Amino acid sequence: MKFTKIAVAVVAVMLTFAVAASAAEQKVRWKLAMTWGPTLSPFTDAVEEMAALVEEMSNGNFVIRIDASNKHKAPFGVLDMVKLGQYDMAHSASYYWKGKDINLLPFTTMPFGMTAPEQYAWFYEGGGLELMQKAYEPFGVLSFPGGNTGNQMGGWFRKEIKSLDDLKGLKMRIPGFAGEVLAKLGLAVTNIAPGELYTSLERGTIDALEWVGPGMDIKMGFHKIAPYYYTGWHEPATELQFLVNKKNFEKLTPHNQAILKAAMKLASYDMYIKNYDMSADAWSKIETEYPNIKIMTFPEPVMDAMKKANDELLADYAKDKPLLKEVLDSQAAYLKKVRKWTEMSDYRYLKDNVK
Ligand code: CA
């Protein structure tokens, strides 16, 4: 009896150590690199919220350190850093990689494409998320929606755009497929890291730029140099992305994987809401606090030319690019279906109620 009791006690002690050891093994410390600087609300808020949720839901066992671009010095290098395992995660926008791999372009937004609710429906119910994983597969990276800006404004210009000729030769910062469209119309298109936008405009490196919407733009001060603020056509639903090193994700316990996925999804939704609120707030003050800002819409012939260039580019852009074609076809088919409902619901409602 005595011996059995001792044996039981020994086993109990060993089990305690085993549980403690396994808890220690489960302690996960990850690093995340952002394309953004340390304070770029609401983009950075989404990342901070995601990391805080992960830590809280894991009882402090899964901790993600966030490095902003001033720390890692490579705002457009974050995909490579995740691919190489230098970082476990990143927060960026998929269309920044169009020069690296054209298949990654369509997952942020497309000109004249889906609105945010339409695009979320495509991602989660229409096969978009699966296609995004397929496109990131060669990088050993998983990609998840990372927060939406909703419809973006068309950008800041020093002078009024009265015709297509006024656009020709302009040096403009504009990423994604919209950049391809404007290049076709004769603009010199470039992408510049968010932290360098204001100085680039101030120094004349660029003549015009687009960034996001009033909530984020006005704080940047672009209106002091380029007061013509145009309504949007080019980014109706800009979705940011969380990029995750696939091998490191697979090393997580199923519990931590579930925590990470839930935290990314919740933080993304909160960013969408926060950005909407920030823009509504900024817009409500625009006339009184920033009277020099001139709200403009591109003239109809300019819009028509953009639409025509967009359609022509889309028609032959995906030739010999089977995966890009698959993604663009999927988006076009989903837009065709979902837009009919949007027209019947939100569009009709607004048309009847906005006077
Ligand atoms: Ca933008």
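Whatever order the structure lists ligands and atoms in, that order sets their numbers, starting from 1. Predicted model, so just to flag it, every value in this text is computed and none were measured.
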Measure from the Ca ion (ligand 1) to each N, O or S atom of Gln152 and report whether any distance is below 3.0 Å.
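Here the distance criterion (N, O or S atom, under 3.0 Å) is met by Gln152, so yes.
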
Does Trp211 bring an N, O or S atom to under 3.0 Å of the Ca ion (ligand 1)?
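Yes, Trp211 qualifies, because one of its backbone or side-chain N, O or S atoms lies under 3.0 Å.
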
Taking just the N, O or S atoms of Glu210, which one is nearest to the Ca ion (ligand 1)?
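That would be atom OE1.
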
Suppose we only allow N, O or S atoms; which atom of Glu235 ends up nearest to the Ca ion (ligand 1)?
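Of all N, O or S atoms belonging to Glu235, OE2 is the one nearest the Ca ion (ligand 1).
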
Asp352/Arg348 salt bridge by N-O under 4.0 Å criterion
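Looking at Asp352 together with Arg348, the answer is no, because their closest N to O distance does not fall below 4.0 Å.
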
Under the 3.5 angstrom rule, does the side chain of Gln331 hit a backbone N or O of Gly113 as a donor-acceptor pair?
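Side chain of Gln331 to backbone of Gly113, a donor-acceptor pair under 3.5 Å: no, none is there.
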
Restricting to salt bridge (Lys or Arg N to Asp or Glu O under 4.0 Å), what partner residues turn up for Lys337, sequence neighbours left out?
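None.
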
Pairs involving residues 255-296, ordered by first then second residue, that meet ring-ring contact (aromatic ring centres under 6.0 Å, His included) (sequence neighbours left out)
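For residues 255-296: Tyr120-Tyr272, His223-Tyr290.
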
